[in-house]
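For reference, the structure is listed below as structure tokens.
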Protein chains: 2
Amino acid sequence: MDGRSQGLRGDRRVTLTEVAKRAGVSRSTVSFVLNGRTDLRLSADTFTRVRRAADELGYSPNATAKTLRTGRSGTVALVSDFIGTTSFANAMVRGVLESLHDADTLLYTVDTQGEPSLESKLLRSLINRDVDGIIYGSMFTRTIAVPELLRNVPFVLLNCVSDDPDTAAVIPDEVGAGATAASALLAAGHRDRIWFVGIFPPGTTGGAAWHSWSPLALPERLQGIDGALAAAGTELAGSVAIADDWDVANGYSSVAKLVASGATPSALICINDAVGVGACLALQEAGMRVPDDVSVMAFDGSPLTTAVRPTLTSVALPHEQLGRLAAQLLLDGTAAPRVHRVPMTLSPGHSISAPSSAR
Amino acid sequence: MDGRSQGLRGDRRVTLTEVAKRAGVSRSTVSFVLNGRTDLRLSADTFTRVRRAADELGYSPNATAKTLRTGRSGTVALVSDFIGTTSFANAMVRGVLESLHDADTLLYTVDTQGEPSLESKLLRSLINRDVDGIIYGSMFTRTIAVPELLRNVPFVLLNCVSDDPDTAAVIPDEVGAGATAASALLAAGHRDRIWFVGIFPPGTTGGAAWHSWSPLALPERLQGIDGALAAAGTELAGSVAIADDWDVANGYSSVAKLVASGATPSALICINDAVGVGACLALQEAGMRVPDDVSVMAFDGSPLTTAVRPTLTSVALPHEQLGRLAAQLLLDGTAAPRVHRVPMTLSPGHSISAPSSAR
DNA sequence: CTGAAAGCGCTTACAG
DNA sequence: CTGAAAGCGCTTACAG
């Protein structure tokens, strides 16, 4: 007695041998027919006999045996720090699943919590299971070092890039997003009193644990903003630092402080939606109307944008497209080994209008 | 030439046969040593020789071959309509992963979009891959019919229940949640002007597509609320219907209408956080302060609770615990075939206080 | 046009 | 105390 029966329940599984027996042909023939190999010309009669037998028995080939034989498993894995388990970012999973669906491929979801030892163990486990490829991702857009084990298998980076130029990677066009945000404000008539909310406190990239990951969103969005403003012959009036975390509470307190200091911004560009929501709440509590007195622009396009009145205008992260493209590149196998940038588009809300001075 | 090399890259994978050769023993012996079978007494010398050979070669057993032989794959699947790809609810994935981590088990994530034909295809595909079990879940807490294919494999229901009493299922204690919400308001001194926001429009369980799924949250939370109020000798002053969807915009418009109608609630219990946020916005826009004039209580404990001032008090869905428990029950194999209810706990915010009349 | 045989990399009774 | 052999369920050259 070996444990084989444990995975099953009720009826024994139908095997290729049984189909062959029922159809009165060899196992080879059944395999050829069921895999649609037309290069071998089988008689039409044999063909239909085999198909019928398979149907009648409800035969479905065992994928484990197939994998052992062919080396291909029809599975890929999404390995990341937290993508699979985090709100909102996990829209990337949706995109991945969409692409895989058409390719009849199953997905392992693996979150490593950013722990290298756990990551190694899980990568090894996946490779031992003959995954056809791995999508290696990060919740924050950042630069990562490609784990050695990953090189045993085809892979694509998702929402992160590596130093190695010969690596396929898919990330949002954060620079373009910054330009989009600034351009929208310029188009509305803003120019001289545009502030940015969300730089790291002076002298630190540290502070909160995740700061040490150096999210690319901050420098690249700023770069895009600076570029667009410079092209219009202007620049940011100032920047507000946020310590700890880009959340509602910190957005609120930072902007409350800004307003209390006597600053009179015509528009705020906030590093993300949570900070943008906090900014709106602080402005409104200080008696300033959004957008009549101050316009507010944010990034991410998360559900938080609908949680304020007026709703928040935001440049949306293309999570789903990122996932979809990464999976496509992996499946194609012919992915250009370069960084693929996915555009971020404006998600319209009601927090932007002409500056009050222009009214 | 057969396709075997395709899944690999660079070095060929080390096999058990090579370890045996290097250690100068048979493959059986290597297998026994590496699987720590102490019932067979091997000489200490053999033992260390094998271990050393395996280490030196960096041997890691091929899981596919192991699965084919033993019938156990060390994998389970989370099959649901949308859990893997939806914000917030996907905290269930986190819980599942936590439990699996300790058991050295990998997770397939599969979303069926609620399409039965896709579901069948995917279930079959998983069973063909010899998954050790399936967690079958739903994004909304509801009653489902167990798919026939699921019965080929051990399974546990997650966030849903079936008619079949002999089924292990894990769902939130929604009735208790209703009681918790009502009790918190009673404790704060509310009694006669407590309203509920979020019933279906009269005469429908339809309307929005998802209404036809009959989420258990509504009737069970109401049951808990009614019970707690009745025990205190009172009852709801009224209920407000919400059509389409339980979102911010609908919460806002429904409560705006309620207030405009001249109703003077002392507290609102909202079916979820989004509706609760909309309620707060509508109250504040009508010049009523939260919680000084009206207390607001919600359900879910989502990130939206932090997006309003004051922050929202909510009875939180225990997504992570649900996932963790479901996976544990599946792994144990000895899961009691019954419905396991996980308590929902109060997630404190600042939207509750004593009623204005009591001040 | 079709079958017999080898082999993927393991585990596990069975012999000695 | 350890090895030789069978077998999990497939695919695929190789013969005929």
Side-chain angles (χ1 to χ4, degrees), chain A residues 1-8 12-21 23-50 53-54 57 59-74 125 127-130, chain B residues 1-8 12-21 23-50 53-54 57 59-74 125 127-130:
Chain A
M1 134 93 205
D2 59 6
R4 293 218 80 265
S5 55
Q6 293 201 31
L8 308 162
R12 272 200 48 65
R13 192 172 291 159
V14 177
T15 174
L16 178 139
T17 306
E18 298 171 50
V19 177
K21 203 167 295 170
V25 299
S26 73
R27 301 192 300 156
S28 326
T29 303
V30 175
S31 179
F32 286 145
V33 169
L34 265 26
N35 288 312
R37 305 224 359 193
T38 49
D39 45 327
L40 299 298
R41 66 214 54 184
L42 303 167
S43 69
D45 176 53
T46 306
F47 195 87
T48 56
R49 262 213 330 281
V50 170
L57 293 171
Y59 173 70
S60 185
N62 177 287
T64 301
K66 207 170 201 160
T67 300
L68 181 60
R69 184 59 231 261
T70 64
R72 298 196 55 85
S73 61
S125 184
I127 293 169
N128 288 337
R129 279 174 176 79
D130 299 314
Chain B
M1 134 91 205
D2 59 6
R4 294 216 82 263
S5 56
Q6 293 199 33
L8 308 162
R12 273 200 46 66
R13 195 173 289 161
V14 178
T15 172
L16 180 138
T17 306
E18 299 171 48
V19 177
K21 203 168 297 172
V25 298
S26 73
R27 303 192 300 158
S28 328
T29 304
V30 175
S31 179
F32 287 146
V33 169
L34 266 25
N35 288 313
R37 306 228 354 198
T38 50
D39 44 328
L40 299 298
R41 67 213 55 185
L42 302 168
S43 69
D45 176 54
T46 305
F47 195 86
T48 56
R49 259 207 339 277
V50 169
L57 292 171
Y59 173 70
S60 187
N62 178 285
T64 302
K66 207 168 200 162
T67 300
L68 181 59
R69 184 60 230 264
T70 64
R72 298 196 55 85
S73 62
S125 184
I127 292 168
N128 288 339
R129 280 176 176 77
D130 299 314

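The figures that follow rest on heavy atoms only: side chains count, while hydrogens, waters and symmetry mates do not. Below, chains carry the letters A, B, ... as their sequence lines are ordered, and counting in each starts from 1.
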Between [options], which nucleotide gets closest to the side-chain atoms of [X]?
X       : options                : answer
A/Leu68 : C/dT2, D/dA13, C/dC8   : C/dC8
A/Arg27 : C/dG9, D/dC10, C/dT12  : D/dC10
A/Ser28 : C/dG3, D/dA5, D/dG9    : C/dG3
B/Thr46 : D/dT2, D/dC10, C/dC10  : D/dT2
A/Pro61 : C/dT12, C/dC10, D/dC10 : D/dC10
B/Thr70 : C/dT12, D/dT12, D/dT2  : C/dT12

> Under 4.5 Å between any side-chain heavy atoms of B/Val50 and B/Phe32, yes or no?
Replying inline: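 Side chain of B/Val50 against side chain of B/Phe32, heavy atoms only: no contact under 4.5 Å found.
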>> Any heavy-atom pair between the side chains of B/Arg49 and B/Val25 that's under 4.5 Å?
In response: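 The answer is yes; the side chains approach within 4.5 Å.
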Length of the [atom1]-[atom2] vector between [X] and [N], whole Å:
X        : N      : atom1 : atom2 : value
A/Leu34  : D/dG9  : CG    : C1'   : 13 Å
B/Asn62  : D/dC8  : CG    : C1'   : 13 Å
B/Asn35  : C/dA13 : CG    : P     : 13 Å
A/Phe47  : C/dT2  : CZ    : P     : 12 Å
A/Ile127 : C/dG9  : CD1   : P     : 16 Å
B/Asp130 : D/dC10 : CG    : C1'   : 12 Å
B/Leu16  : D/dC8  : CG    : P     : 19 Å
B/Lys21  : D/dA4  : NZ    : P     : 13 Å

>> Check this for me: does any side-chain nitrogen of one of B/Arg13 and A/Asp130 sit under 4.0 Å from a carboxylate oxygen of the other?
In response: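 Salt bridge present between B/Arg13 and A/Asp130.
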> For D/dA4, what is the paired nucleotide under Watson-Crick or G-U wobble rules, both distances under 3.5 Å?
Replying inline: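 Paired with no nucleotide.
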>> Suppose we define a pair by two distances each less than 3.5 Å, Watson-Crick or G-U wobble; what does D/dA13 pair with here?
In response: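 By the stated definition (distances under 3.5 Å), nothing pairs with D/dA13.
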>> Return the OG1 to CG distance between B/Thr67 and A/Leu68, rounded to the nearest 0.5 Å.
In response: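 So the OG1 of B/Thr67 and the CG of A/Leu68 are separated by 9.5 Å.
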May I ask you to evaluate whether [X] reaches the phosphate of [N], defined as a side-chain N or O under 4.0 Å from OP1 or OP2?
X       : N      : result
A/Thr64 : D/dC10 : no
A/Tyr59 : D/dG9  : no
B/Thr67 : C/dC10 : no
A/Ser31 : D/dC10 : no
A/Thr15 : D/dC10 : yes

>> On DNA chain D, compare the nucleotides closest to A/Lys66 and B/Ala65; which residue's is nearer the 5' end?
In response: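 Going by which nucleotide is closer to the 5' end, it is B/Ala65.
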> Using a distance-only test with no angle check, is there a side-chain donor-acceptor pair under 3.5 angstrom linking A/Arg129 and A/Ser125?
Replying inline: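 Yes, side-chain donor-acceptor contact under 3.5 Å.
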> Minimum heavy-atom separation for B/Thr15 to B/Tyr59, with atom names?
Replying inline: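 Here B/Thr15 and B/Tyr59 meet closest at C-CE1, 3.6 Å.
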